[in-house]
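One structure below.
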Amino acid sequence: MPLWVVTRSYWARATVGDNHRAGRDALGCDPACRPPCAPARIGGQRNPAMTHDEYLRHDATGLAELVRTREVTPLELIDLAIRRLDEVDQAVNAVVYRMDGEARALAGGIDRNAMFAGVPFLAKDLQSDYAGHPTSRGSRLLAGRVRKHDTELVRRLRRTGVSVLGKTNLPEFGLLPYTEPELWGPCRNPWALDRTPGGSSGGSAAAVAAGIVPMAGGGDGAGSIRMPASCCGLFGLKPTRGRIPTGPHRGESWRGASIEHVLTRSVRDSAAMLDATHGPEPGVSFEIAPPARPFSREVAADPGRLRIAWTAEPLLGSSVHADCVEAVAGTVTLLEELGHEVVEDSPRVDAAAFARAFVRMLAGELGAEFEELARMLGRRPRRRELEPLTWCLGLVSRVLPAREYADSLRTLEHCGKLAGSFFTDVDVLLTPTLATPPPGLGTLPPHPAEQLQLRVLGAFGSGRIVRMAGLLDQMAEGAFDFTPWTPVFNISGQPAMSVPLHWNGDGLPVGVHLVTRVGDEATLLRLAAQLERARPWFDRLPALDC
């Protein structure tokens, strides 16, 4: 049973807790684009009745400027976002926990000179802990468990002045590239409500695409910022490994493969938030060299003439949809028109060895997560508190030999070095972000027969039985058919981004993926801003009339 391969339909039922929302029936919104509208300031005097259309004409940076100049108040922005949330989230199911009461209460004390003063924001409900609020990680096991402390990244986010309205939907423990958890129900893509927004940051991407907030938090362990950015027509940057803090209580997640940042509609918002959140924290084992100048200044800089390699051949998977190939071809033409040198080439990675090693690393990391949770809860997780796949992976982790886990890490390290060494002769690599446009809801999860198999295997409670059934090898076979490029660069630690440059004949977004050397987010941001100016996407929004 492949972990991330496109299979037949499966529907996850939702369970609901206090202060939370589960998935509801879609209301049939038209996925056609809105007509473009030029960004505009409200004017020289404060407008006390900003409309949602005016709200959408500004990115987070623009909204913060309106707050600074007293043309709008933080409370007005919060109320606009809450009103939009109430209007559309019954259909989209992006937000699973609400904090708008706290946001309203804190609105009067926001520093108007803060970077994102009063800008509405949503957090992914996984690694970012907010004191006094639960972090479910998409699991029944943790639903409702309140955290006592902010994580370091949350402390830095709060200093930017954002108004945190709540937390977003995600798959259990962020393990999957689609967002259809049993706990919260499926999240829907605002461009077409019968499609996935991707994962694991699917709720955040859907909330931004739906016009609830201009940016939202995400995490990326195998593409989980870039995949939903592609599915939802957004900009999504995965920074260099170690650029964003993970403490104070957590070290490297997934052996450093996982890193947090944001999903945005504009490049400059992503750059500015990176300025606010990057940098070392006490106790880290290594530090990434700081940028030569603020990332937000790179957005206005000329990228120069870059040598850019491109490929539409999958590094890990087996096939690529014609729409994704077309997206790359169009980007190649655009890059040439912009004066860059473009050549067809790509790194070489042993796809089978990479997939086997990644799945074993994932099982080992999940097992360690369960040990940590057992200490926190005072007992071991129970089968009925977890989804069948998560439970079975946890069982396998109990019988995974230490030498096999260590060998998998060495294999991944070797693959990462091969990928990184490719960039000695090129500045940037261009690929599709995903192998297909956004798939239909229910097509990525295991189909009912596979679910039954997992439940039967899990009921034995034996990792040896699960392993003898070949679960890990079956998962590795199709693990990256949907996402054949992104995971390699989580392992290499390189910065990478998905840029929304293409929409297919059905009006669905299809992102392109660009990667550069470790520590060189500046090159990506300069190039992204150049592409944004050449082929603007900011005003291309789904017509979500719910």
Side-chain angles (χ1 to χ4, degrees), residues 19-21 24 27 29 34 37 39-123 125 130 132-133 157-169 190 203-217 262-266 269 273 538 541-546:
N19 298 319
H20 298 78
R21 302 177 60 190
R24 297 171 174 87
L27 300 182
C29 301
R34 293 175 182 266
C37 57
R41 290 177 60 86
I42 294 177
Q45 60 184 4
R46 181 178 172 278
N47 182 345
M50 187 186 220
T51 67
H52 185 256
D53 283 343
E54 290 169 331
Y55 175 72
L56 286 179
R57 290 185 187 130
H58 301 273
D59 61 1
T61 302
L63 291 173
E65 177 61 21
L66 295 179
V67 171
R68 271 190 291 277
T69 57
R70 298 183 182 274
E71 296 175 54
V72 68
T73 68
L75 186 57
E76 287 167 347
L77 294 182
I78 292 168
D79 285 343
L80 276 165
I82 291 171
R83 192 176 308 127
R84 181 63 172 176
L85 172 60
D86 290 338
E87 289 172 352
V88 303
D89 203 50
Q90 185 176 17
V92 177
N93 194 31
V95 179
V96 298
Y97 179 81
R98 296 188 53 168
M99 300 162 60
D100 44 57
E102 179 178 281
R104 278 184 166 129
L106 296 175
I110 291 173
D111 177 4
R112 287 180 177 271
N113 293 314
M115 179 179 290
F116 291 117
V119 173
F121 183 84
L122 288 163
D125 197 25
Y130 288 75
H133 299 281
L157 282 167
R158 288 191 188 276
R159 288 198 292 267
T160 70
V162 294
S163 297
V164 184
L165 303 185
K167 294 192 166 187
T168 58
N169 205 344
S204 289
V208 175
I212 299 170
V213 291
M215 65 178 173
V262 290
L263 292 107
T264 62
R265 290 173 58 205
S266 73
D269 280 355
M273 186 58 85
F538 185 82
L541 300 169
L544 191 61
D545 299 323
C546 297

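All residue numbers refer to positions in the sequence shown, counting from 1. Source: prediction; values computed, not measured.
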- prompt: For R104, which residues count as a side-chain hydrogen bond (donor to acceptor under 3.5 Å, both in side chains) partner, sequence neighbours excluded?
  reply: D79

- prompt: Which atoms form the tightest heavy-atom contact between A94 and D89, and what is the distance?
  reply: N-OD1, 2.6 Å

task: Check side-chain contact (heavy atoms from CB on, under 4.5 Å) between R158 and all other residues, then give those that pass, not counting sequence neighbours.
output: E102, Y130, D150, V154

message: Taking side-chain hydrogen bond (donor to acceptor under 3.5 Å, both in side chains) as the definition, give me every residue that meets it alongside T264, ordered by chain and number, with sequence neighbours left out.
response: none

message: Counting C-beta onward and ignoring hydrogens, is there a side-chain heavy-atom pair between L63 and M50 closer than 4.5 Å?
response: yes

query: Roughly how far, to the nearest 0.5 Å, is OH of Y97 from CG of D125?
result: 9.5 Å

- prompt: With a 4.5 Å heavy-atom cut-off, do R84 and L544 have their side chains touching?
  reply: yes

query: Atom NE2 of H133 and atom CZ of R98: how far apart are they, to the nearest 0.5 Å?
result: 13.5 Å

Qualifying residues under side-chain contact (heavy atoms from CB on, under 4.5 Å), relative to R112, sequence neighbours excluded: V67, R70, T73, P74

- prompt: Which value, rounded to the nearest 0.5 Å, describes the distance between M115 atom CE and M273 atom CE?
  reply: 8.0 Å

Check residues 204-216 and write down every donor-acceptor pair under 3.5 Å in which the side-chain atom is one partner and the other belongs to a residue at least two apart or another chain.
unit_1	atom_1	unit_2	atom_2	d
S204	OG	T168	OG1	2.8
S204	OG	G217	O	2.6

- line: Between I78 and S163 the two heavy atoms that sit nearest each other are CD1-OG, 3.5 Å

field: Any E54 side-chain heavy atom under 4.5 Å of L80 side chain
entry: no

message: Once salt bridge (charged side-chain N to carboxylate O under 4.0 Å, His left out) is applied, do any residues pair with R68, and if so which ones, sequence neighbours excluded?
response: E65

Shortest non-hydrogen contact between N93 and N169, atoms and distance: O-ND2, 3.1 Å

field: Residues Y55, V72; criterion side chain to side chain contact (heavy atoms under 4.5 Å, CB included); working and verdict
entry: CA-CA 10 Å; Y55 175 72; V72 68; over 6 Å; no

statement: The reported gap from OG1 in T160 to CD1 in I110 (rounded to nearest 0.5 angstrom) is 9.5 Å

field: Smallest separation among heavy atoms of V119 and A60, with atom names
entry: CG2-O, 3.4 Å

- line: CG of L165 to CG of D100, rounded to nearest 0.5 Å, is 6.5 Å

- request: Compare all side-chain heavy atoms of I82 with those of D86 and state whether any distance is below 4.5 angstrom.
  value: yes

query: For the atom pair CZ (F116) and CG (L77), what is the distance rounded to the nearest 0.5 Å?
result: 13.0 Å

